[in-house]
Asks: 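Here's a structure for you.
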Amino acid sequence: MKIFAVSDSIGETAEQVALAAASQFKGEVEVKRIPYVKELDDVEDLIKEINDNKSCIIVSTIITVNVREYLTQKCLEKNISIINVLSPIVNVTSSILNRMPDNNPGAMRNIDDVYYKRIEAMEFAMQYDDSKDHRGLKNADVILVGLSRTSKTPLCMYLANKGLKAINIPLMPEVEIPKELFEIDRRKIFGLVIDPLHLIEIRKRRLDKFHRIPTGIEYASDGRILEEFEFADKVMRRIGCKTIDVTQRAIEDTALIILKYLGHNK
């Protein structure tokens, strides 16, 4: 069975509770974290993802009242088991203090806003690395698009250390571009470009290191790379995003260009 750890923040608390429960059943329970469920549409997307309502549980730490109540309502309609972890504690505390809760998602992390902003951004970068889940696009501060081996992942992690939620979308002719990419603010999108000869050299070194070639793809051939370049150029032109040449450029330098462009250079 599967436990969905659902939150309107990064979902760490919900996931830890779910993992604690799953650990009692020795590999029979899978835990999947679903962060940033902040809107009713996010709830709809979550419900659509659940294929077997009899073999799953939702563990929720959603604080936002209307979203929490809507999720509970949808679960009742679909006969999905749901546990709102924080609600009993918050309700009892509210009763004892005789005051309403702040209903502030992720309030615990305000203890040290800068530090936890970085942690949240790193969690985000790992959650959505290499386009694992396109739902992260609307919550990202920075979206990087580019060919394989243009330093997208390390650049995402560097930006995360600066507190920016960064997601990267690898560009390959065989892989469909998420439609969401053309619906968000293009000022957040950066296309990473590189000299073709330099990219060929990087990929050949990588093949030599790992002694394998991706199935069905001439990973480092001249023809393949030129095909990818044409595809990437069309995508970036269609988006209308700012491009950055990363040839022989340090990750820190590329990040500085992005931070200045976004006004985060301070």
Asks: Can you confirm whether Lys138 is buried at NZ, in the sense that more than 12 heavy atoms of other residues, nucleotides or ligands lie under 6.0 Å from that atom?
Replies: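 Count over threshold, so yes.
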
Asks: Step by step, would you call Leu76 with Ile82 a side chain to side chain contact (heavy atoms under 4.5 Å, CB included)?
Replies: CA-CA 8 Å; Leu76 288 172; Ile82 181 170; over 6 Å; no

Asks: Shortest non-hydrogen contact from Lys74 to Val43?
Replies: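 So the two residues come closest at CG-CG1, 4.1 Å.
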
Asks: Could you walk me through whether Tyr36 and Ile10 satisfy the side chain to side chain contact (heavy atoms under 4.5 Å, CB included) test, starting with their C-alpha distance in whole Å, then the side-chain angles of each, then the deciding distance to 0.1 Å, before giving a yes or no?
Replies: CA-CA 6 Å; Tyr36 305 111; Ile10 66 172; 3.3 Å; yes

Asks: Hey, does the side chain of Ser60 reach the backbone of Ile62 with a donor-acceptor pair shorter than 3.5 angstrom?
Replies: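 Pair found, side chain donor or acceptor close to backbone of Ile62.
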
Asks: Applying the side chain to side chain contact (heavy atoms under 4.5 Å, CB included) criterion to Leu144, which one of Ile169, Ile258, Ile167 satisfies it?
Replies: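 Single pass found, and it is Ile258.
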
Asks: I need the Phe4 CZ to Cys56 SG distance, nearest 0.5 Å.
Replies: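 Nearest 0.5 Å value for the CZ-SG distance: 5.5 Å.
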
Asks: Do Arg238's NZ or CZ and the ring of Phe182 fall within the cation-pi criteria of under 6.0 Å and 45°?
Replies: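 Yes, a cation-pi geometry holds between Arg238 and Phe182.
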
Asks: Can you name the nearest heavy-atom pair linking Asn66 to Leu40, along with the distance?
Replies: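 Looking at all heavy atoms of both residues, the closest pair is O-CD2, 4.0 Å.
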
Asks: Give the minimum heavy-atom separation between Pro35 and Tyr128, together with the two atoms involved.
Replies: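 Shortest heavy-atom contact: CG-OH, 3.8 Å.
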
Asks: Could you grab the distance from atom NZ of Lys54 to atom CG of Asn79, nearest 0.5 Å is fine?
Replies: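 Here the interatomic distance stands at 7.5 Å.
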
Asks: Can you measure from OG1 (Thr254) to CZ (Arg249) and round to the nearest 0.5 angstrom?
Replies: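 Output value for this atom pair is 5.5 Å.
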
Asks: Between Tyr261 and Arg187, what is the shortest heavy-atom contact and its length?
Replies: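 Residues Tyr261 and Arg187, closest heavy atoms: CE2-O, 3.6 Å.
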
Asks: Indicate the atoms forming the closest heavy-atom contact of Met236 with Gly146, along with that distance.
Replies: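 The answer is CE-CA, 4.2 Å.
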
